[in-house]
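Below is one structure, written out as structure tokens; comments come after it.
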Amino acid sequence: MIAGVIVDVPAFGTDKTFDYRIPEHLEETIEVGMRVVVPFGPRKLTGFVIGLKETSDLKRLKKIEDIVDPSPVLNQELIGLGKWIANSTLCFLHSAYQSMLPAAMKMNYSKRIYSINEAIELPDLPEQIRIQLDSDKGLDWAEAQKSGKHIVRSIQSAIHNGNLEVKYEIRSKGKKKRHKVVMVNIPTMELNAIYDDISRKAPKQAEVIRYFIGNNETKIPTQKLMDETESSRATIKSLIDKQILLETEEEIYRDPYKDRQFERTVSLTLTEEQKESIKPILSDIENNQHETFLIHGVTGSGKTEIYLQSIEAVIQKGKEAIMLVPEISLTPQMVHRFKGRFGSEVAVLHSGLSVGEKYDEWRKIQRKEAKVVVGARSAIFAPFQNIGIIIIDEEHESSYKQEENPRYHARDIAIERGRFHQCPVVLGSATPTLESYARAKKGVYTLCTLHERVNQKALPTAEVVDMREELRSGNRSLFSTALFDRLKDRVDKGEQSVLLLNRRGYSTFVNCRDCGYVAQCPHCDISLTYHKRSNQLKCHYCGFEDKQPTECPECTSEHIRFFGTGTQKVEEELNKLMPEASVIRMDVDTTSRKGMHEKLLNAFAEQKADILLGTQMIAKGLDFPNVTLVGVLAADSMLHLPDFRSAERTFQLLTQVGGRAGRHILSGEVVIQTYTPEHYSIQLAQQHDFLTFYDKEMLMRKLHQYPPFYFLTLVTISHEELMYVVDVCEKITEVLKEGLSEQAVILGPVASPIPRVKDRYRYQCVIKYKNEPTLKNILNEILAHYQKRMQQDQLTINIDMHPQTIL
DNA sequence: AGCACGCCGACT
DNA sequence: GTCGGCGTGCTC
């Protein structure tokens with residue numbers, strides 16, 4: 001038998017199947033979807049078996065060396081899906097497959113050098129190197145290259161002469177967690193006899209034996225046995241030595257939710273509206289029919305209950321369910337609802353888990369120990385065999401698009417998988433993307449609308465405050481009178497508030513009053529942000545940090561001022577103006593440590609603070625009963641970005657954040673501070689009027705030829721040399737203009753909105769089109785043409801077939 | 001991506 | 001003449 005293998009070399013020349021002969025002893029073992037170790041040129045690599053066949057076009061085939069996994073990691077569906085992803089996003093096949101698996105399954109390769117015979121003299125090599133060569137671990141080749149050319153050369157010639165040996169080693173990044181278990185190694189009837197025999201000479205050991213007599217289990221984790229019988233390692237060991245007990249290793253799962261209890265919940269009674277919406281979904285589940293639904297429901301309209309009951313129907317049919325959420329670590333509440341309803345059948349996959357934990361959750365799915373997966377974007381690749389429903393909550397969230405290769409959108413994958421499994425795909429949002437809503441209106445998706453909130457409460461009234469007016473009336477603070485008074489009122493009443501500001505740090509730029517100098521990142525074309533806690537200037541793009549200068553580096557003036565407001569400054573202001581209020585600040589700076597997210601959110605949920613202040617990470621899915629005020633400090637922060645989606649994003653953020661207040665018994669208020677109160681996205685968010693916003697924004701998109709009227713493709717070129725980038729970008733634009741039809745609109749070459757990041761200049765070219773069947777071919781030719789320069793000159797060409805943003 | 005092969009300039 | 005630089009092409 002011959003296996004078609006996709007090898008782990010994501011590069012142009014190797015982006016195809018390589019045929020290998022399956023050796024006899026593996027003939028029965030190797031299956032499609034497994035990873036195998038193969039010789040590739042002089043080295044050793046892993047690859048995915050994506051097909052089996054009897055014959056090959058090539059005569060001389062190498063043999064598969066070994067298997068990596070005991071069972072396939074990809075099923076036929078996922079193998080096909082990978083091809084589809086590679087083709088539709090222009091990525092390498094191997095990258096597509098790798099991205100379907102947890103990070104722990106990435107392979108690490110190393111080349112190691114060993115002495116063949118310690119007696120061989122290698123006088124050119126220093127003592128230390130020779131010791132390493134003689135050791136069991138050998139000498140790491142990558143490490144060796146750091147120790148100088150002469151040494152590298154001597155080693156190479158020694159290899160040539162056969163005095164040193166090269167081994168290619170492959171390791172998995174993550175390991176399965178194991179623990180030791182002991183079991184009784186003799187017939188249980190004999191235990192009593194043994195007990196009698198040793199009880200006097202070895203009372204401790206007898207104690208252990210008695211444990212097995214008293215309990216029916218014959219297998220127990222060693223640690224647990226030691227705890228239960230208060231025995232030591234030595235005691236157990238002597239029993240093992242006597243072959244009364246047998247110790248083996250067993251794989252275990254790391255369970256991130258191990259210590260938590262989830263109260264079982266039952267289905268709630270649905271409202272008439274919910275019933276109407278769920279009916280066609282249930283009918284599709286029943287009839288194994290694929291259809292994409294868009295549930296447009298205001299916040300609090302009970303979308304989650306629809307998801308839960310649909311999943312319940314799926315499980316009852318013996319099928320599996322995938323539920324995507326934007327970023328679940330932000331919503332422990334969602335995990336609770338799912339674990340509460342479905343118990344241990346739920347696997348959870350999100351970025352808050354460690355690599356190992358994600359690996360374990362993934363294996364739980366693969367071994368069919370989970371029926372439901374709740375997770376972020378990559379959970380869309382859950383290795384289920386029999387999917388009954390795929391749900392994407394908050395479908396407008398930008399995190400569903402992967403911003404690195406393969407640049408897929410989870411929504412597209414969901415629909416592709418839904419079609420394969422003939423099951424419904426449900427998209428839900430209070431503020432759907434224009435693309436999805438347009439498709440729903442056209443009948444491509446089935447639209448379900450939920451107008452009412454389950455608790456019948458009206459959506460909180462939003463007040464838009466014109467900050468220009470505030471300024472005119474002499475209020476120069478960050479807070480409008482309206483917001484400040486309400487904040488104070490909530491603090492006095494013991495109710496909670498949420499404040500949103502989409503900028504972290506203290507001030508957004510640092511400026512010299514005398515000469516106009518603005519502190520800029522030396523590596524990026526962006527001004528540095530002042531962080532007060534560390535008294536540092538930071539670049540939010542490359543991480544560059546610098547001491548805050550006490551005098552202007554240009555003119556030595558001491559009149560250095562801070563402009564723009566970040567979350568740190570707001571926190572400081574709050575402490576000054578309202579010392580009695582306690583504030584929790586949540587942004588990248590306070591949540592970068594693992595578990596901090598949840599910690600801060602829990603603290604706020606337990607009402608340990610009056611005010612939760614944060615960047616947009618606080619806008620998603622939070623649900624605190626005691627929050628009665630939501631303030632948006634700078635609603636226009638996103639509005640004026642040069643991106644076609646900025647109005648949509650603003651509308652979504654304001655609507656989402658507004659829905660956070662007054663979800664429970666208390667009713668809520670929303671205050672939106674802005675310098676452009678007349679803008680439609682702010683006005684319509686205030687009125688919770690998605691439909692008017694949709695109509696208005698659709699007109700704008702049509703006028704400016706953006707999605708959903710046109711498709712978009714973004715080509716970004718970057719390199720350290722500006723002229724090189726411009727040159728390549730010009731040529732690419734040229735080729736595109738030549739190859740595409742008259743209808744295609746090609747914008748560029750232009751500098752990217754941030755023209756330089758990490759010392760690399762960025763130029764881009766945007767293609768707007770309706771129907772260009774040759775586009776992918778042309779782009780592939782472009783990539784092929786620049787392939788050499790991309791690996792040699794550190795030129796990068798990024799192609800995003802459907803960019804969510806062109807920033 | 002690695003790695004070998006092969007072609008050209010600088011040196012023993 | 002050989003060593004060592006790097007450009008070119010292949011890997012089942």
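Residue numbers begin at 1 in each chain, while the letters A, B, ... track the order of the sequences.
The pair A:D727-A:K731 meets the salt-bridge criterion, since a charged nitrogen lies less than 4.0 angstrom from a carboxylate oxygen. Note on A:D19 versus A:K53: salt bridge recorded, some NZ/NE/NH1/NH2 to OD/OE distance being below 4.0 Å. Between A:K364 and A:E361, at least one side-chain nitrogen of the basic residue sits less than 4.0 Å from a carboxylate oxygen of the acidic one, meeting the salt-bridge criterion.
Residues A:Y710 and A:F644 place their aromatic rings such that the two centres sit no closer than 6.0 Å.
A:F12 places its CZ atom 17 Å from the C1' atom of C:dT8, with the value rounded to the nearest Å. Taking atom CD of residue A:Q791 and atom C1' of nucleotide C:dG9, one finds them 11 Å apart after rounding to whole Å. Here B:dA1 presents its C1' atom at 18 Å from NZ of A:K44, a figure rounded to the nearest Å. Taking atom OH on A:Y109 and atom C1' on B:dG2, their separation rounds to 13 Å, with Å as the unit. Separating the CG atom of A:D8 from the P atom of C:dT11 is a distance of 19 Å, rounded to the nearest angstrom. Taking atom NE2 of residue A:H150 and atom P of nucleotide C:dG4, one finds them 9 Å apart after rounding to whole Å. As a whole-Å value, the separation of A:Q792 CD from B:dC3 P is 17 Å. As a whole-Å value, the separation of A:H94 NE2 from B:dG2 P is 13 Å.
Here A:Y168 reaches the OP1 or OP2 of B:dC3: one of its side-chain N or O atoms lies under 4.0 Å away. Checking the phosphate oxygens (OP1, OP2) of B:dC3, a side-chain nitrogen or oxygen of A:K111 falls inside 4.0 Å.
Looking at heavy-atom distances under 4.0 Å, A:R153 makes contact with sugar-phosphate atoms alone, never a base. Heavy atoms of A:F40 sit under 4.0 angstrom from at least one base atom.
Here the nucleotide nearest the side chain of A:Y20, chosen from B:dC3, B:dA1, C:dC12, is C:dC12. When the nucleotides C:dC12, B:dC3, B:dA1 are ranked by their closest atom to the side chain of A:L58, C:dC12 comes out on top.
Results of the side chain to side chain donor-acceptor pair (under 3.5 Å) test with A:S718 over A:Q764, A:R760, A:R756, A:K758 single out A:R760 as the only residue that passes.
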